Structures are given as structure tokens and as C-alpha cells.
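For reference, the structure discussed in these notes is given below.
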Amino acid sequence: ASSEYDVIRSRYHLKETIGSGGFAKVKLATHLASGEKVAVKIMDKRALGDDLPRVKTEITAMKELVHQHICTLYEVVETKHKIFMVIEYCPGGELFDYIVAKDRLKESEARKFFRQILSAVAYIHHKGYAHRDLKPENLLLDDDQNLKLIDFGLAARPKGGMEQHLDTCCGSPAYAAPELVSGKQYRGAEADIWSMGVLLYALLCGFLPFDDDHVATLYKKILKGEYEEPRWLSDGSCDLLKQMLQINPKKRISMEELLIHPWVKKGHSGTVHWNSKCEKNNLNTECIAEMAEYYGKTKDDMMTIVTQWHYDEITAVYFLLLNNFVRGCRLKLPPRSSLGEKGHNAN
Ligand SMILES: Cn1cc(Br)cc1C(=O)Nc1[nH]nc2c1CN(C(=O)N[C@H](CN1CCCC1)c1ccccc1)C21CC1
């Protein structure tokens, strides 16, 4: 099996495991060429079994969804038995743990996070995707305390567009919409809005609106749609939650209405900017120039190579440079000769 790791080890220094889920584990790693930290999600195809399509779904989705509030997929390495996804590293961990540590968030902080979640979800809906597993465990904090959405294994891109109904019941029960738990057909976007309502409730209250140890009882509570309104919730927060946690999806607030909702806009100059700042169709010329120098190519040749989006080392270097660029840092790639001296790169 060690040979299966040869390619990934040639480009990354794998460190401790920082997460392990059903069929995958995530290790912290360092990109040798740049010294940048990354997260490597490792899956064994034999253990995946009929979950393998979920991984393909996630890879396809992450290749298409490139956004400032979505964890960037840098590189994919597939060997005989393994799939390695090299993904943006978020040193702040899960939003779930952040809420638990603070008990609950002040309305202004909840609003800051909620606007970032809206930005990511409005973008994926615009691209024709529904996430279908929105919860605080799937939102990570980067080192600027900004949120990044992860886990697109359950994402759906209905062929007939976002009006199309879906029927696979999936996601985490406590965040699942009533139409989803009652096994009816549902629209992905409408179900995501409900889940964001549960998420907002968790941010503001520190506990879930619908909760029970027995999943059947939990479902009954979701279908009734009744939840507690703690006294610390403002009228504005209660009104917004009421519009998001409408059991009838037709009466539920839409994404368009959410983006301009007074509660969402309060204390912020503009509406939520959900367009991507890092779309693949307009390359960052400074990153291309830096790469051209590093690989000894002309800018045009470098541009051509990057736009093939092979999700190999080239794609990884481009996105690592870009993620630093958008944060105002300039990542310098050392001359390639130093590659030989492992761990040589100053961090
Ligand atoms: C927990 N933690 C603490 C610190 Br400090 C950093 C982290 C951390 O996990 N950072 C991090 N950066 N980038 C990633 C992660 C975690 N991570 C993840 O993809 N984490 C998910 C977490 N899911 C939430 C519910 C079920 C599993 C995961 C999926 C499969 C197996 C293990 C973990 C990525 C790769 C995208």
C-alpha cells in the first residue's frame, strides 16, 4: 500500500489525522514546493463500495464550485485502491465546535457568518447545485475567521435544473426539511433554505429547533414545525426564522428574498455578494506570471497549461497562489533547485 502513497508523498508531507468520517479520513499535510498547509482527504475504493459514486459526485461538484466561501479542491490523485483529494486547509476547525465553545453567538456575529453561508449557497444554487447536507459540521473557519463550505458528497445537480424535484432522502435528520423527511419529492434549493434556517437557529440559540434522541419523534417535531423562541431572540431574528422554517416549501422564503432581507442587511452596507471572486474562467495574471517564472514557461504557455484544469500539481500550485493572493499575501515559490532539500522552504 505504501506504493499507493508514492505520488502524494512526492508532493506533500503527510502529518496527523485531523478528521475521520465513515469512509474517509483527513490528514493535515504540507505542500513541499510552497510550504503551504493543505488537508488531504484519503479514501479506499474497496472500503467505499457502493459509496464510490458519492466521491465522484463530490469531486465533480468541487471542480465546478470555486468560491471564496467554499473549500478549494487543489488536486486529485487516484491510484489502484486509493483516492486522495487535496483540499484547502482551514485552521479554525468546524463552526459546530466554535458555537459549542461560545455557547451561542451574538446576533451581529451570527449575521456575519450567516451572510457568508448565504453567499456560498446562493452561488451553488446559481450553478445548479443543491448541497443537501448543510450543517455547522460542514462549515469550517479559515485563519481569517471566514467560513468555508465542505462535504459535497450529497450535492445534487438535477438534470432538469433547480426546478426539478429530487427524491433521495439524505443529509442529517435534525437539519432535514419536512418535505424531505416525509419522503415526498422536494426541490433541493427549498430544502437547503430550511437547513439554513436550522443553522441560523443553532447560531443564535446554541441548540437545535427540532431535536430528539428517537429519530421518529424528531421527524414528528420537524413535520409539526413548532420550536421554542428563547427570550434573547430579537423580533427580527424570530421573523426571519419563521420565514425560513415554513413547513410548506411554497410558503418558505426564497434565496432571492433572503439576500435582500432587512435582518440580513442590518449593519452592513450592501446586500450579500455571492458571485465568485476566483472563477476559473478569469485567471489571475499575477499568479500565472509567478508560475511562468517558477516552471520556466512563457505566460501564454503557462496560461494554456493551467486552463486544462487537470487537477494535478499545476492546478494545486495555481489555487495555492490564488488563495494567498485573495488574502493579500504574496506566496513566493522558491527556485526549483531547492526542491531537493526537503523541508527547506521557510514557512
Ligand atoms: C477539525 N479541525 C481542527 C482544526 Br485546528 C482544523 C480542523 C480541520 O478539520 N480542518 C480542515 N481543513 N480542511 C478540511 C478540514 C476538514 N475537512 C473535511 O473534509 N472534514 C470532513 C468533516 N465532515 C463533517 C461531518 C462529517 C465529516 C470530513 C469528511 C470525511 C472524513 C473526515 C472528515 C477538510 C478537507 C475539507
Side-chain angles (χ1 to χ4, degrees), residues 8 11-31 34 36-45 47-49 51-77 82-102 113 116-117 120-121 124 131-155 170-176 192 195-196 198-199 202 208 278 311 315-316 319-320 322-324 327 347:
I8 208 83
R11 293 208 277 275
Y12 299 93
H13 172 50
L14 292 177
K15 294 178 180 159
E16 72 272 16
T17 297
I18 50 177
S20 55
F23 54 88
K25 70 181 166 185
V26 173
K27 279 181 170 296
L28 175 61
T30 306
H31 180 239
S34 66
E36 284 292 288
K37 285 193 172 73
V38 296
V40 182
K41 192 170 176 179
I42 306 168
M43 289 149 281
D44 187 305
K45 291 189 256 186
L48 278 171
D51 264 333
L52 187 59
R54 251 184 85 163
V55 176
K56 297 296 181 186
T57 304
E58 178 163 46
I59 291 171
T60 307
M62 290 188 82
K63 284 182 176 179
E64 200 178 332
L65 303 171
V66 181
H67 186 272
Q68 56 275 15
H69 293 302
I70 294 175
C71 251
T72 311
L73 176 66
Y74 293 138
E75 182 172 357
V76 179
V77 174
K82 301 276 184 193
I83 296 177
F84 303 89
M85 292 170 70
V86 184
I87 304 172
E88 180 178 355
Y89 174 65
C90 295
E94 296 176 4
L95 176 63
F96 180 88
D97 297 320
Y98 184 86
I99 302 169
V100 169
K102 297 192 108 176
F113 284 137
Q116 294 182 357
I117 296 165
V121 179
I124 66 171
H131 186 278
R132 301 202 297 176
D133 196 15
L134 294 171
K135 57 187 177 182
E137 297 91 323
N138 285 343
L139 285 154
L140 301 177
L141 288 151
D142 71 6
D143 41 16
D144 302 317
Q145 290 280 356
N146 290 319
L147 286 181
K148 304 271 181 174
L149 183 57
I150 58 165
D151 279 353
F152 289 83
L154 295 173
C170 55
S172 311
Y175 295 83
D192 279 350
S195 301
M196 285 195 290
V198 176
L199 237 169
L208 293 168
C278 31
Y311 278 82
T315 307
F319 278 133
L320 281 163
L322 184 65
N323 278 355
N324 277 278
R327 281 182 11 220
N347 183 335

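Side chains included, hydrogens not; waters and symmetry mates left out as well; all remaining heavy atoms used. On a predicted model such as this, the values are computed, not experimentally measured, just so you know. First listed ligand is number 1; within each ligand, the first listed atom is number 1. Quick note: residue numbers are just sequence positions, from 1.
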task = For the pair Tyr311 and Phe319, name the ring-plane relationship: parallel under 30°, tilted 30 to 60°, perpendicular over 60°.
result = tilted
Could you check whether Arg327 pairs with Asp142 (Lys NZ or Arg NE/NH1/NH2 to Asp/Glu carboxylate O, under 4.0 Å)? no
Atom 1 (C) of ligand 1: closest protein heavy atom, distance to 0.1 Å, is Ile18 O, 3.8 Å
Per-atom filter on ligand 1: closer than 4.0 angstrom to a heavy atom of Gly21 are 31 (C), 32 (C)
Step-by-step side-chain hydrogen bond (donor to acceptor under 3.5 Å, both in side chains) determination, Asn324 to Glu36: CA-CA 10 Å; Asn324 277 278; Glu36 284 292 288; 3.0 Å; yes
Rounded to the nearest 0.5 angstrom, the CE-CG distance for Met43 and Leu52 is 9.5 Å
Practice prompt. Tell me whether the centres of the aromatic rings in Phe84 and Tyr12 are closer together than 6.0 Å.
Written response: no
Taking every heavy atom of Ile70 against every heavy atom of Leu65, the minimum-distance pair comes out as CG2-O, 3.9 Å
protein heavy-atom neighbour closest to atom 18 (C) of ligand 1 works out as Ile150 CD1, 3.6 Å
re atom 28 (C) of ligand 1, the protein heavy-atom contact at minimum distance is Val26 CG2, 4.0 Å
Logged contact type for Asp151 with ligand 1, heavy-atom cut-off 4.0 Å, is side chain
Atom 3 (C) of ligand 1: of Ser172, Pro91, Gly93, the nearest heavy atom sits on Gly93
Per-atom filter on ligand 1: closer than 4.0 angstrom to a heavy atom of Gly19 are 32 (C)
Under 4.0 Å between heavy atoms, the region of Leu140 that gets near ligand 1 turns out to be side chain
Of all protein heavy atoms, the one nearest atom 30 (C) of ligand 1 is Lys41 CE, 3.7 Å
For Asn138, the ligand 1 atoms with a heavy-atom partner under 4.0 Å come out as 23 (N), 24 (C), 25 (C)
Checking heavy atoms under 4.0 Å, the part of Glu88 that sits near ligand 1 is backbone
| Are Ser172 and Lys135 linked by a side-chain donor-acceptor pair shorter than 3.5 Å? | yes
closest protein heavy atom to atom 10 (N) of ligand 1 is Cys90 O, 3.1 Å
Thr30 and Lys37: side-chain donor and acceptor closer than 3.5 Å?
no
